[in-house]
Every structure is written in C-alpha cells, then in structure tokens.
Amino acid sequence: MNQRKRKTELLSPAGSFDAARAAVNAGADAIYMGGPLFSARAFAESSKTDMLSDTIDFCHLRDVKVFMTLNTLMKEQEFKGLSEYLRPYADRGLDGVIVQDLGVMKLIKEEFPELELHISTQAAVTGARYAKLLKNLGAHRIVLARELSLDEIKHIYKETGAEIEVFAHGALCYSCSGMCLMSSFIGGRSGNRGRCAGTCRLPFEVYDDNGKKLNKNNERYVLSMRDLNTVSRLCEMIDAGVYSFKIEGRMKSPVYVAAVTSVYRKYLDMAMSQDQDVNADIAIKVAAADMKMLSEGFERGGHTDGYLDHKNGREMLTLTEKPELRVHDEGIINKLKEKYVDNDIKLPISGKAEIRIGQVPKLTLNCRYKNIDKEVTVCGDTIVSAAEKRPVTREDITEKLSKFGGTDFELKELSLDMVAEEENGAGLFVPVKALNELRRTAAEELKKSILAAGKDFVR
C-alpha cells in the first residue's frame with residue numbers, strides 16, 4: 001500500500017480578471033485564460049479587453065501558474081502577427097500556451113522555447129500513437145479528448161509517460177472533441193475559431209427515415225449533454241496517470257469558478273492524502289453540501305461522470321428539461337462571493353521604518369511566502385524636521401505605514417526606529433502625504449522585485 005506521492009494540478013478557468021481572482025483565492029494551482037485574439041472562447045470577457053498581463057502578475061505573486069489559450073485553428077495570414085502578439089505575455093512571465101494548430105506549435109517552439117506547450121483537447125488526442133508523436137515534437141503536456149475512458153487514459157499514460165491533463169468538471173460537447181462542425185454549418189460560427197453557438201443545446205425533434213417521430217415532447221434536448229462531474233472519481237483518475245484536473249468554464253461567472261475550484265481543491269487534497277490500494281474501494285464519498293455547491297454554481301440538467309466507464313447513453317443527456325442556468329440558494333452564492341470572489345489572498349509582509357530628524361524617512365519591507373523571500377528598502381523625498389507645533393507620534397506613523405489595503409500585501413509586523421531631536425525634547429514632524437507615498441512606493445517596489453524573479457517563484 002503506497003501513499004499517492006505524484007504531484008497533481010488543479011487548473012481553473014478564467015474568462016475575466018475577477019474569475020482569475022476567484023480561482024486563485026479558492027485554491028487553484030494554475031489558471032487558463034485567453035487574450036484578445038486566437039482563443040477558443042471568442043466571446044469571453046478576456047477576449048474583449050486585454051487583462052491577461054494583469055492576471056499573470058496577480059497569479060505569480062500568489063504562486064499560481066498562468067496558461068494562455070491560443071487554441072483556434074489559424075489562417076495563413078494570421079501567422080504574420082502571431083509572434084508580435086505573443087511576445088508581451090512571454091516577457092511578462094507567461095508559463096505556457098495551449099494550442100491546437102501544429103503550425104502554431106512549431107512557431108512557439110522555435111521562437112518561445114521558454115514557454116510550455118500544451119496540446120489542446122481541440123486536437124482530439126484519443127490514442128497513444130498521436131500522443132507520443134506530439135510529445136516527440138515538443139509538447140510538454142497533452143490535454144486528452146473528453147470522450148476517453150479510464151482504461152484509455154491509463155493506456156496513453158503507460159505508453160507515453162506524457163504529462164496528462166483531462167477535463168474533470170463542466171460542460172461536455174455532444175460531438176468528439178475539436179471535431180464538431182454543427183455550429184459552423186448551421187450558423188456560420190465555427191467552434192474551431194472560438195465562436196461556437198452551442199447549437200446542440202437547442203431542442204430538436206427526431207424522425208426516422210419514414211418520417212416517424214422518435215422522441216417524446218418532453219424529451220427534446222437530445223443533443224444537450226449534462227455537465228461533467230468527476231469529483232468522486234479523483235483517486236481513480238490519479239491512478240490512471242492524470243496530472244492536471246481541468247475545470248471547464250471560461251464563459252461562466254466568478255461564483256461558478258469559486259464554487260467548483262474550492263470543492264475540487266478539497267477532494268483532490270483528500271485523494272492525494274489517501275493510500276493507494278488496488279483492492280480497496282477508492283471512490284471518494286462527497287458530502288451532500290459540496291455536491292449542492294457544485295450544482296448551485298452551475299448545472300445543466302444534472303451531472304454525469306462522462307465516459308470514464310461507458311460510451312454514450314441516455315443518462316448523459318438532459319433530455320427532459322431545458323438546461324437550467326439559474327442559481328437558487330442565495331446564501332451559498334453570497335458565502336462564495338464573500339470568501340473567494342471579494343477576498344483576495346494577501347502576501348504576509350513585515351516592515352521596519354526609520355524616521356529620524358534631519359534624514360529622509362526609510363521603509364524596509366520583507367516578504368516570506370511559500371518559496372518567496374524578498375526584501376526592499378525605499379527612501380522618501382522629504383527630510384524629517386523638528387516639530388514646530390504638534391509633533392507626529394509613534395502611533396500616527398505606525399497607522400499610516402500599516403495601511404496596505406488595496407495592495408497585494410498584508411502587514412503582519414512593523415518595527416519603528418523613531419529618533420526625535422534630543423535638544424529640549426522637541427518632537428519630529430513628517431507630512432502624512434510623505435508617509436503615504438513612502439508606503440505606496442515600498443509596496444510597488446516589493447511587487448516588482450517578486451515579479452522580476454519570474455518563474456523562479458512559481459511551482
């Protein structure tokens with residue numbers, strides 16, 4: 001009986017900066033987000049405004065990786081601007097790129113060798129030979145097609161030793177991964193160009209060759225899949241070789257991201273702490289409250305564990321009802337907002353201030369967080385003078401230098417070296433504006449210092 005030691009990753013979606021914040025606060029190891037172009041979710045908020053750069057900074061400060069979705073099929077003329085488009089994100093410290101197009105893969109491998117290359121589920125990798133080929137071409141990770149069983153996943157991992165990522169939760173496509181042309185044929189919106197209209201979610205009537213109607217009036221959603229939910233199957237998936245557990249949902253709200261990420265964080269940690277025993281029942285028992293949280297975040301006509309054990313079946317479809325998009329329990333939603341969406345993880349810091357008459361004020365900040373250990377010292381521009389009227393007290397200075405709200409930091413301790421003019425016991429004076437500016441400058445310099453180290457601070 002061996003305890004599960006192999007590392008895993010919880011990968012959460014971010015269609016907006018707020019969703020990225022929610023994912024990080026809820027325990028994601030990494031997030032994936034698109035930029036303004038070439039993402040398979042062209043209608044996500046992140047595709048309308050460039051928020052990827054700020055997301056990289058936010059995540060890296062908190063020891064979380066960022067992968068960029070560049071997973072549409074490219075037109076020939078688009079290649080000309082691809083390097084220029086990607087360069088600012090690579091310079092910012094982007095960790096990797098998720099691609100479908102092999103031409104894009106080749107370009108990134110040649111021009112951005114520092115970036116991890118992840119093969120998108122859109123590439124429809126369903127077998128070991130294709131996975132091995134992609135690995136030999138330089139793929140760091142393979143995101144397998146969604147329609148694979150546990151045995152098929154295990155076989156691919158065994159044959160290739162590749163780093164395997166699978167979708168663990170969220171929307172399922174009726175068609176094979178990356179191969180659906182329904183939206184393109186019917187509405188001119190191609191999923192492989194990031195513009196899927198979700199045509200399969202509409203109600204249909206089904207007829208045989210003789211014109212006989214086959215489905216009942218209350219079973220019209222014949223192509224609409226229930227949402228994937230594998231939270232109880234994590235042990236088995238780890239043992240099959242899965243490294244990264246991907247949550248679907250770049251078009252969904254920060255509340256959904258927080259709900260699913262927090263629940264999967266809990267049970268993935270639980271799975272990793274259990275002993276591996278092939279003779280044991282390794283299904284995780286999920287609390288009813290946690291299942292309810294997953295449903296309240298978002299649920300489309302019920303859940304399914306997808307193709308892990310079987311191929312196709314009525315139980316995988318919504319059939320009898322229109323997909324339900326509403327949330328019901330405002331108490332759960334408000335709790336998620338309060339705990340994860342509106343409550344960012346702060347990096348704990350300590351500080352030391354030197355306030356001496358005749359000198360400029362000085363502030364040193366130190367950050368020790370996970371594998372981050374950085375220290376910066378900044379000086380103000382205004383010389384501290386003797387007080388002519390009301391001197392500045394130790395309490396005044398401590399209060400002003402402790403206000404780190406609105407930054408990425410939380411001050412845990414502040415020591416103050418305060419020396420006033422000894423003659424006549426006169427106190428000292430330093431403008432409040434100067435203290436505030438000293439604090440802001442120190443916080444910004446500490447942030448820059450941490451980010452400058454780039455990937456050294458990211459797992």
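Below, all heavy atoms of this structure are taken into account, side chains as well, without hydrogens, waters or symmetry copies.
- Here the side chain of Asn215 pairs a donor or acceptor atom with the backbone of Val206 at under 3.5 angstrom.
- Heavy-atom neighbours of Glu375 CD from other residues, nucleotides or ligands within 6.0 Å: above the threshold of 12.
- For Thr72 (side chain) and Met74 (main-chain N/O), no donor-acceptor pair under 3.5 Å exists by modelled atom type.
- Taking 4.5 Å as the limit, every side-chain heavy atom of Thr8 sits out of range of all side-chain heavy atoms of Asp29.
- Side-chain contact between Asp227 and Phe298: present, with at least one pair of heavy atoms (C-beta onward) separated by less than 4.5 Å.
- Remark: the Ser83 side chain and the Glu111 side chain contain an N/O donor-acceptor pair separated by less than 3.5 Å.
- Between Glu248 and Lys252, at least one side-chain nitrogen of the basic residue sits less than 4.0 Å from a carboxylate oxygen of the acidic one, meeting the salt-bridge criterion.
- Ion pairing between a basic and an acidic side chain is recognised when a charged N comes within 4.0 Å of a carboxylate O; Asp373 and Arg368 show such pairing.
- Counting only distance, with no hydrogens or angles, the side chain of Glu165 and the backbone of Ser244 share no donor-acceptor pair below 3.5 Å.
- Asp57 has no carboxylate O lying under 4.0 Å from a charged side-chain N of Lys447, or vice versa, which leaves the two without a salt bridge.
- With respect to Glu78 and Lys75, no salt bridge is recorded, no charged nitrogen being found less than 4.0 Å from a carboxylate O.
- Put simply, the side chain of Lys311 gets close to the backbone of Glu147: a donor and an acceptor are under 3.5 Å apart.
- Lys106 has a carboxylate O that lies under 4.0 Å from a charged side-chain N of Glu110, or vice versa, which qualifies the two as a salt bridge.
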List the steps and the verdict of side-chain contact (heavy atoms from CB on, under 4.5 Å) for Ile238 and Leu268. CA-CA 9 Å; Ile238 294 169; Leu268 187 56; 4.0 Å; yes
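- Smallest separation of non-hydrogen atoms from Ala23 and Ile31: CB-CG2, 3.8 Å.
- With a 4.5 Å cut-off on side-chain heavy atoms, Val104 and Val99 count as touching.
- Salt bridge Asp290/Lys266: present, at least one basic N to carboxylate O contact under 4.0 Å.
- Counted within 6.0 Å of NZ on Lys346, heavy atoms from surrounding residues, nucleotides or ligands total more than 12; the atom is thus considered enclosed.
- Around CD of Gln77, the count of heavy atoms belonging to other residues, nucleotides or ligands within 6.0 Å exceeds 12.
- Atom CZ in Phe245 sits 7.0 Å away from atom OG1 in Thr230 (nearest 0.5 Å).
- Between Phe58 and Phe17, the distance from one ring center to the other falls under 6.0 angstrom.
- Between the side chain of Tyr267 and the backbone N or O of Arg233 there is no donor-acceptor pair closer than 3.5 Å.
- Between the Asn25 side chain and the Arg21 main chain, a donor and an acceptor come within less than 3.5 Å of each other.
- The NZ atom of Lys337 sits 13.0 Å away from atom CD1 of Ile332, with the distance rounded to the nearest 0.5 Å.
- Residues His118 and Asn71 bring no donor and acceptor atom of their side chains to less than 3.5 Å of each other.
- Across Leu172 and Gly306, no two heavy atoms sit closer than the pair CD1-CA, 4.3 Å.
- Annotation for Phe112: atom CZ counts as buried by contact number, over 12 foreign heavy atoms lying within 6.0 Å.
- Glu152 and Ser149 share a donor-acceptor pair across their side chains, judged by distance under 3.5 Å alone.
- Looking at Arg201, its side chain never comes within 3.5 Å of a backbone N or O of Ser224 through a donor-acceptor pair.
- Rounding to the nearest 0.5 Å gives a distance of 6.5 Å between OH of Tyr264 and CG of Leu234.
- Side-chain contact between Leu414 and Leu363: present, with at least one pair of heavy atoms (C-beta onward) separated by less than 4.5 Å.
- Looking only at distances, a side-chain donor or acceptor of Ser273 sits under 3.5 Å from a matching main-chain atom of Met270.
- Looking at Glu9 and Lys246, no side-chain N of the basic residue comes within less than 4.0 Å of a carboxylate O on the acidic one, giving no salt bridge.
- In this structure, Lys135 contributes its side chain and Thr160 its backbone to a donor-acceptor pair below 3.5 Å.
- In this structure the side chain of Ile349 reaches within 4.5 angstrom of the side chain of Leu446, judged on heavy atoms.
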Please walk me through it: do Leu451 and His60 pass side-chain contact (heavy atoms from CB on, under 4.5 Å)? CA-CA 7 Å; Leu451 292 174; His60 280 186; 3.9 Å; yes
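- Across Glu410, Lys374, Arg62, a single residue satisfies side-chain contact (heavy atoms from CB on, under 4.5 Å) together with Leu347, and that is Arg62.
- By the 4.5 Å heavy-atom criterion applied to side chains, Arg440 and Asn436 are counted as neighbours.
- The closest side-chain heavy-atom distance from Ile98 to Tyr32 is below 4.5 Å.
- Using a 4.5 Å heavy-atom cutoff, the side chains of Leu144 and Thr121 are not in contact.
- Closest non-hydrogen pair, Ile56 versus Tyr89, comes out as CD1-O, 4.0 Å.
- In this structure a side-chain-to-backbone donor-acceptor pair under 3.5 Å is present from Arg265 to Gly27.
- Taking 4.0 Å as the cut-off between side-chain N and carboxylate O, Arg439 and Glu437 do not count as a salt-bridged pair.
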